[in-house]
Student: 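One structure, pasted below without further comment.
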Amino acid sequence: MSGELLRVHNVLCRISSRRMLRVDDFALALGQHWCVFGGNGAGKSLLAQLLCRNLVSGQDLQVVSFEEQQQVWALDNRHDISEYSATALDQGTTVARLILGEMPPDADGIARYEALLVALDLHTLQQRGIRYLSSGQVRKALLAKALYRRPRLLVLDDPLESVDRDSRQRIAAVLQQWMGPDTCTLLLSRRQRDILPGITHLALMENLRVVEQGPLQEVQAGATWQRLAQREVVLPASLPPALSRPHRHAALTELDPEQPLFELQDVDAGYQGHLVLKQFSWTLRRGQHTLIEGPNGCGKSTLLSLINGENHKAYGQDVTLFGRRRGSGETVWDVKARFGTVSNELHNKYVKGWKVLEVVVSGFFASVGLYDDSGASERNAALDWLHTFLIAELAGEYYHELSFGQQRLVLLARAMVKHPAILILDEPCVGLDDYYRALILGTVDLIAATTATQIIYVSHTDDERPACINQHIRFSALGHYTISALRI
């Protein structure tokens, strides 16, 4: 084919002892803009990795994915020298350095760089370190980096995930403009709504195999598309019970049912002189399940870190958690024992070497990985939660070998295994297909209805909220916020 970039034919690629990627025939050509569509674990990322390995020139290829984002963050954190700095600050890799690289740009490069800053609204962030950005802001910076290099093939793993409404529109517009006769796109998508304008071809994947491919409209008219795009969700009938005895690493005093779970009064917080929370007040009472919304970088993650023990700036301020003022003698582990968390930050902390069951059991210890001895009761409870999410067969697999969406489900099982007082879900559906999103949202409602756990849910997606939500915190780009009650 004229303009063909690469082709793979009759390929078998072993993923693990029990899984094999099969590709009968698949090709990419200039002027074609493909979407590879399939559910979690279907093999989309594995296919993309296979294709990228077979592309001769690395100059022709750029990849924007959560895995790349994790690698960029990890590399930047390894080079963090803030503890040796006189100011205790290390800016690290700035947005400008990430996009431009080490070589100074020529006039054409400067013009291209400035256009990308405007198109993706990155002007005010160009001298800020990426370790101080939200996940959505880093995603836009990585996209700018890829487009700045003008590749022939651009691989995009769900680029609209984890970004706010304005950023979704900007990203879609920039990519539609980029797609043309001299470029090629490989979009990996789990959701029908995230198929970008400008896509010309569609490949459907299931069980580590391309089951149908061709022009977009032809494939979407077929029975395979209808079956994959409209899977019926079966919610669990019940949830695993809490351990019958208190866990030895969470032997905490009983909570007073008359007291709020936490109170923040006129709290300020930020980083590097950038104040994202100013005179912020919030009380969470029994029976309240809260939705937190706002644009990337408005302070949502900073707020969560103040209440879950991660942010030291809670000390010396009017922050009361579970009836105790922060800094009155409780340890970070006392605080963490009350919380279960699913977040991009936690997702980024897990590295190779841990099996799925170990990751879930580590939720009892609020650790990243399992370093304490666990008993049969903890492991049985972890297995029960894996069964709830229909992924018990993955218990013996290595966590890092799972798809991103499967890893997300494992983290939710980890968060709930100890039946926490508060479950923090910071964009928990990132990386999940429509089926598993519906499963997560339905399960969260079941948690709210049948357990004592209260929900704090952060989302960028308009139609993505559990039905149990009855309190709403909305942040603006300027740092203002409103707190209102919602009807159940």
Side-chain angles (χ1 to χ4, degrees), residues 1-15 20-39 42-68 101 108 112 116 142-160 171-190 192 194-222 224-225 228-229 403:
M1 177 185 296
S2 176
E4 187 172 286
L5 288 175
L6 61 90
R7 177 181 292 272
V8 291
H9 184 70
N10 288 337
V11 172
L12 294 178
C13 183
R14 182 167 295 282
I15 307 306
M20 183 88 72
L21 176 69
R22 299 174 182 269
V23 184
D24 296 328
D25 189 72
F26 191 78
L28 297 174
L30 294 177
Q32 292 182 345
H33 303 285
W34 283 86
C35 172
V36 179
F37 182 91
K44 302 180 299 297
S45 297
L46 296 172
L47 174 63
Q49 292 167 13
L50 174 66
L51 295 171
C52 291
R53 285 199 300 268
N54 283 274
L55 192 65
V56 176
S57 173
Q59 186 71 24
D60 288 335
L61 169 70
Q62 288 293 315
V63 179
V64 180
S65 67
F66 277 101
E67 286 74 17
E68 185 206 13
D108 179 61
R112 197 161 65 251
L116 287 167
L142 288 173
L143 179 58
K145 167 181 173 286
L147 293 177
Y148 176 79
R149 282 154 180 76
R150 295 185 294 187
R152 289 200 295 171
L153 173 61
L154 179 61
V155 177
L156 302 165
D157 191 347
D158 272 324
L160 302 183
I171 289 172
V174 167
L175 290 174
Q176 187 172 11
Q177 183 178 15
W178 178 84
M179 294 179 190
D182 299 321
T183 59
C184 180
T185 307
L186 186 67
L187 168 69
L188 311 183
S189 180
R190 303 166 180 88
Q192 182 177 353
D194 290 339
I195 297 178
L196 292 166
I199 290 297
T200 61
H201 290 70
L202 181 62
L204 305 181
M205 290 201 71
E206 187 176 28
N207 298 325
L208 301 177
R209 190 166 190 169
V210 177
V211 293
E212 191 169 341
Q213 59 178 297
L216 176 70
Q217 294 181 346
E218 290 182 15
V219 176
Q220 286 187 326
T224 304
W225 168 259
L228 292 181
S403 72

Student: Once side chain to side chain donor-acceptor pair (under 3.5 Å) is applied, do any residues pair with Asp108, and if so which ones, sequence neighbours excluded?
Tutor: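 Result, side chain to side chain donor-acceptor pair (under 3.5 Å) vs Asp108: Arg112, Arg150.
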Student: Taking the side chain as C-beta and beyond, is there a heavy-atom pair between Thr183 and Pro151 under 4.5 Å?
Tutor: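 Sidechains of Pro151 and Thr183: no contact.
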Student: Could you walk me through whether Leu202 and Val36 pass the side chain to side chain contact (heavy atoms under 4.5 Å, CB included) check?
Tutor: CA-CA 6 Å; Leu202 181 62; Val36 179; over 6 Å; no
Student: For residues Leu156 and Leu186, determine if any side-chain heavy atom of one lies less than 4.5 Å from a side-chain heavy atom of the other.
Tutor: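 They are not in contact (no side-chain heavy atoms under 4.5 Å apart), so the answer is no.
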Student: Please list, chain by chain and in numerical order, all residues satisfying side chain to side chain donor-acceptor pair (under 3.5 Å) with Thr185, sequence neighbours excluded.
Tutor: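 Here the qualifying residues are His33.
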Student: Output every pair passing salt bridge (charged side-chain N to carboxylate O under 4.0 Å, His left out) with a member in residues 201-212, not counting sequence neighbours, ordered by first then second residue.
Tutor: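 Residue pairs with at least one partner in residues 201-212: Asp24-Arg209, Glu206-Arg227.
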Student: Calculate, to the nearest 0.5 Å, the distance between atoms CG and CG belonging to Leu175 and Leu147 respectively.
Tutor: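 Between atom CG of Leu175 and atom CG of Leu147 there are 6.0 Å.
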Student: Hey, could you give me the NE2/CG distance between His201 and Leu28, rounded to the nearest 0.5 Å?
Tutor: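 Reported value, rounded in 0.5 Å steps: 10.5 Å.
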Student: Rounded to the nearest 0.5 Å, what separates atom CD in Gln176 from atom CD1 in Ile171?
Tutor: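 Those atoms lie 14.0 Å apart.
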Student: Nearest heavy-atom pair of Ala27 and Glu4: which atoms, and what distance?
Tutor: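 Taking Ala27 first and Glu4 second, the nearest heavy atoms are CB-OE1, 4.0 Å.
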Student: For the residue pair Val11 and Arg22, establish whether any side-chain heavy-atom pair is separated by less than 4.5 Å.
Tutor: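 Val11 does not reach Arg22 side chain to side chain.
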Student: With side chain to side chain contact (heavy atoms under 4.5 Å, CB included) as the test, would you mind laying out the steps for Ser45 and Asp157 before giving the verdict?
Tutor: CA-CA 8 Å; Ser45 297; Asp157 191 347; 3.4 Å; yes
Student: Are Leu46 and Cys13 close enough that some pair of their side-chain heavy atoms sits under 4.5 Å apart?
Tutor: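 No, side chains not in contact.
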Student: Quick one: pull up CG in Asp158 and OG in Ser65 and give me the separation to the nearest 0.5 Å.
Tutor: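 Here the rounded value is 10.5 Å.
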Student: Quick one: which of Leu50, Leu208, Asn10, Leu51 gives a side-chain contact (heavy atoms from CB on, under 4.5 Å) with Val23?
Tutor: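 One option only clears the test, and that one is Leu50.
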Student: Of all heavy-atom pairs between Ala146 and Val64, which one has the smallest distance, and what is that distance?
Tutor: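 Closest approach of Ala146 to Val64: CB-CG2, 3.8 Å.
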Student: Please report the shortest heavy-atom distance between Gly31 and Thr200, naming the atom on each side.
Tutor: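 For Gly31 and Thr200, the tightest heavy-atom pair comes out as O-OG1, 4.3 Å.
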Student: Less than 4.0 Å between a side-chain N and a carboxylate O, is that true for Arg7 and Asp25?
Tutor: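 Looking at Arg7 together with Asp25, the answer is yes, because their closest N to O distance falls below 4.0 Å.
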Student: Please enumerate all residues that pass ring-ring contact (aromatic ring centres under 6.0 Å, His included) together with Trp225, with sequence neighbours excluded.
Tutor: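 Expected list: Phe37.
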Student: If I compare all heavy atoms of Leu187 with all of Ile195, which pair ends up nearest, and what's the gap?
Tutor: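 Taking Leu187 first and Ile195 second, the nearest heavy atoms are CD2-CA, 4.1 Å.
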Student: Looking at SG of Cys52 and CG of Leu153, how far apart are the two atoms once the value is rounded to the nearest 0.5 Å?
Tutor: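 The SG atom of Cys52 sits 6.0 Å away from the CG atom of Leu153.
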Student: Which heavy atom of Cys184 sits nearest a heavy atom of Ala29, and at what distance?
Tutor: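 Closest pair (atom of Cys184, atom of Ala29, distance): SG-O, 3.5 Å.
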Student: Hey, does Leu116 have a side-chain heavy atom less than 4.5 Å from the side chain of Tyr148?
Tutor: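 SC-SC contact between Tyr148 and Leu116 confirmed.
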Student: Test your reading of the model: is there a side-chain donor-acceptor pair from Lys44 to the backbone of Arg190, 3.5 Å cut-off?
Tutor: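 Side chain of Lys44 to backbone of Arg190: no pair is present.
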Student: Any ring pair (Phe, Tyr, Trp, His ring centres under 6.0 Å) pairs touching residues 203-222, not counting sequence neighbours?
Tutor: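 Matches after skipping sequence neighbours: none remain.
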Student: For the pair Val210 and Leu204, evaluate side chain to side chain contact (heavy atoms under 4.5 Å, CB included) and give the outcome as yes or no after the intermediate values.
Tutor: CA-CA 6 Å; Val210 177; Leu204 305 181; over 6 Å; no
Student: Is it true that atom CD of Gln177 has more than 12 heavy atoms of other residues, nucleotides or ligands lying nearer than 6.0 Å?
Tutor: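 Open.
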Student: Just by distance, do the side chain of Gln220 and the backbone of Pro215 share a donor-acceptor pair under 3.5 Å?
Tutor: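 Side chain of Gln220 to backbone of Pro215: no pair is present.
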Student: State the OG1-CD distance between Thr224 and Gln213, to the nearest 0.5 angstrom.
Tutor: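 Answer rounded to 0.5 Å: 12.0 Å.
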Student: Compare every heavy atom of Gly214 with every heavy atom of Val219, then report the nearest pair and how far apart it is.
Tutor: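 Taking every non-hydrogen atom into account, CG2-N, 3.5 Å.
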Student: Under 4.5 Å between any side-chain heavy atoms of Leu142 and Glu68, yes or no?
Tutor: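 Answer yes - side chains close enough.
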Student: Less than 4.5 Å apart, side chain to side chain, heavy atoms only: is that true for Arg152 and Leu30?
Tutor: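 Yes, close enough: below the 4.5 Å cut-off.
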Student: Would you mind reporting whether Pro159 and Leu143 have side-chain heavy atoms less than 4.5 Å apart?
Tutor: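 The answer is no, as the side chains (C-beta and beyond) never meet within the 4.5 Å cut-off.
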Student: Going by ring-ring contact (aromatic ring centres under 6.0 Å, His included), name the residues that satisfy it together with Phe26, two or more places apart in sequence or in a different chain.
Tutor: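 Trp34.
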